[in-house]
Amino acid sequence: IMALLTDPAPGRAEPWLDEIKKRVPDLEIRVWPEIGDPKDIEFAAIGFTSRGKAMNIEEIDGFFSALIAGPEVVMPSEYLPEVFGREISDTCEFKELDEASDILGLLMRHWNTIAATLHKDEVHVPILQKGENGACLGNDWARGFMLGVEFCRDAWGELITDEKQGVWMLPVLMLYHEHDEDPEMRPEPIGAEKREEIIVQMAAGIVGAYRYFRPQRQRVASAYAGETRSSPVKIGRNEPCPCGSGKKYKRCCGGARAGA
């Protein structure tokens, strides 16, 4: 079963839900709070009251991709405020604790999906929203990605300026600067066919960046493993492994250290 979970929004949700039903007739649509078995849910379109500027799903996908592909471990307590616009307590009003837990759980699930895909050296296909003309532009994705880059700016700067490996970053930089206020930063006008090529290259670039930073992530994971021998509180066995695999620490590098 493949299901879509949505938060009811009278007068606003019906048009696009009808369109989804036409395009994906086999998709079961569930309306909150009747979610059924959470394991069936592959997609979620959930709204919440925000007093800040929360990211849309396209920006989140780009943001998570950069954080996962990057050189260092960034903890949820550091990046979630960016997702919601500021401190979560200042920007979001959840109806109840279960709603907050479900939304955070879906975010972590998407994080793990991207991490597992890249860990297998497979291409993560960016989630892009369609614009008013029905085309996927990719600018929001690039914006989210570059925000993730800011968390480890120096290391990403080395990749961007690398004569051989820096090519992986060109597609995302083109979409990021497409509407830049500085005309000198903008690329040449991007047509429909060219945009499709850039988006395909951007997806490949995520894998390239992930491979580029793999040795550094492994060094970080080894450092964490060494610290746990004297200070077990540094990283829990059930927490995400710092190598970026998307697996629990005990099932990944932690398990390898224990076996050794």
Side-chain angles (χ1 to χ4, degrees), residues 52-92 100-101 103-120 124 126-127 140-160 165 168-169 172-173 176 202-203 205-228 231 233-254:
K53 189 182 184 305
M55 293 184 182
N56 61 39
I57 185 61
E58 181 175 330
E59 290 173 313
I60 291 173
D61 191 68
F63 183 54
F64 281 7
S65 296
L67 294 177
I68 294 167
E72 299 178 11
V73 180
V74 182
M75 302 306 293
S77 58
E78 298 178 70
Y79 66 74
L80 282 177
E82 296 292 340
V83 171
F84 290 101
R86 288 196 308 273
E87 291 296 330
I88 297 176
S89 59
D90 292 337
T91 60
C92 299
S101 297
I103 291 175
L104 293 175
L106 288 168
L107 287 172
M108 293 302 98
R109 180 176 171 179
H110 187 56
W111 173 286
N112 291 335
T113 297
I114 299 173
T117 300
L118 294 178
H119 185 67
K120 293 183 289 186
H124 166 65
I127 296 178
D140 282 356
W141 195 95
R143 189 178 302 110
F145 191 94
M146 293 306 294
L147 182 58
V149 166
E150 286 296 310
F151 278 76
C152 302
R153 180 187 300 179
D154 292 342
W156 279 100
E158 293 177 4
L159 170 58
I160 292 173
Q165 302 295 327
W168 295 119
M169 291 296 294
V172 69
L173 288 172
Y176 178 69
M202 188 169 67
I206 306 171
V207 181
Y210 185 84
R211 292 172 179 168
Y212 178 87
F213 288 121
R214 178 177 283 144
Q216 189 165 339
R217 283 194 305 274
Q218 291 174 339
R219 288 195 296 271
V220 172
S222 298
Y224 267 111
E227 290 178 3
T228 56
S231 305
V233 296
K234 291 291 183 179
I235 179 171
R237 285 171 53 77
N238 289 316
E239 292 181 10
C241 185
C243 75
S245 67
K247 301 178 182 178
K248 292 182 179 180
Y249 179 66
K250 67 181 180 182
R251 300 293 184 188
C252 195
C253 296

Asker: Who passes side-chain contact (heavy atoms from CB on, under 4.5 Å) against L147, sequence neighbours left out?
Answerer: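 If we apply the side-chain contact (heavy atoms from CB on, under 4.5 Å) test to L147, skipping adjacent residues, the hits are M55, F63, E82.
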Asker: If you compare all heavy atoms of L118 against all heavy atoms of Y210, which two are closest, and at what distance to 0.1 Å?
Answerer: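 Result for this residue pair: O-CE2, 3.3 Å.
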Asker: Restricting to non-hydrogen atoms, name the atom on G148 and the atom on L67 that form the minimum distance, rounded to 0.1 Å.
Answerer: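 Closest heavy-atom pair between G148 and L67: O-CD2, 3.8 Å.
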Asker: Do you know which two heavy atoms are closest between R217 and A69, and how far apart they sit?
Answerer: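 Result for this residue pair: NH1-O, 2.9 Å.
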Asker: Taking all non-hydrogen atoms of both residues into account, name the closest pair between P126 and M202 and its distance.
Answerer: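 For P126 versus M202, the nearest heavy atoms are CG-CE, 4.4 Å.
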Asker: Is the distance from the ring center of W156 to that of F213 below 6.0 Å?
Answerer: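 Distance test on ring centres: under 6.0 Å, yes.
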Asker: Should Y176 and V149 be marked as a side chain to side chain contact (heavy atoms under 4.5 Å, CB included) after you check the CA-CA gap, both sets of side-chain angles, and the distance that decides it?
Answerer: CA-CA 12 Å; Y176 178 69; V149 166; over 6 Å; no
Asker: Using 0.5 Å steps for rounding, measure from the OG1 atom of T117 to the CG atom of N112.
Answerer: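 Rounded to the nearest 0.5 Å, the OG1-CG separation comes out at 10.5 Å.
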Asker: Quick check: closest heavy atoms across M169 and V172, and the distance to 0.1 Å?
Answerer: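 Heavy-atom minimum between the residues: O-CG1, 3.2 Å.
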Asker: Considering residues at least two apart in sequence or located in another chain, which fulfil the side-chain contact (heavy atoms from CB on, under 4.5 Å) criterion with E158?
Answerer: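 E158 satisfies side-chain contact (heavy atoms from CB on, under 4.5 Å) with Y212 once adjacent residues are dropped.
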Asker: For F64, check ring-ring contact (aromatic ring centres under 6.0 Å, His included) against everything at least two apart and list the hits.
Answerer: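 F64 satisfies ring-ring contact (aromatic ring centres under 6.0 Å, His included) with Y79, W111 only.
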Asker: Are H110 and I127 side-chain neighbours, meaning at least one heavy-atom pair lies under 4.5 Å?
Answerer: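 The answer is yes; the side chains approach within 4.5 Å.
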Asker: If I take atom CH2 from residue W141 and atom CD from residue E59, how far apart are they, to the nearest 0.5 angstrom?
Answerer: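 So the gap between those two atoms works out to 12.0 Å.
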Asker: List the steps and the verdict of side chain to side chain contact (heavy atoms under 4.5 Å, CB included) for T113 and H124.
Answerer: CA-CA 9 Å; T113 297; H124 166 65; 5.8 Å; no
Asker: Rounded to the nearest 0.5 Å, how far apart are CD1 of I68 and NE2 of H119?
Answerer: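 Reported to 0.5 Å precision, the distance equals 12.5 Å.
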Asker: How long is the gap from CG on D154 to CD on E72, to the nearest 0.5 Å?
Answerer: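 The CG atom of D154 sits 9.0 Å away from the CD atom of E72.
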Asker: Tell me whether D140 contacts the main-chain N or O of E58 through its side chain, where contact means a donor paired with an acceptor under 3.5 Å.
Answerer: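 No.
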Asker: So which atom in L80 and which in M108 form the shortest heavy-atom distance, rounded to 0.1 Å?
Answerer: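 Between these two residues, the closest heavy atoms are CD2-CE, 4.2 Å.
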Asker: Quick check for you: to the nearest 0.5 Å, what is the distance between D61 atom CG and I206 atom CD1?
Answerer: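 D61 CG to I206 CD1: 7.0 Å, rounded to 0.5 Å.
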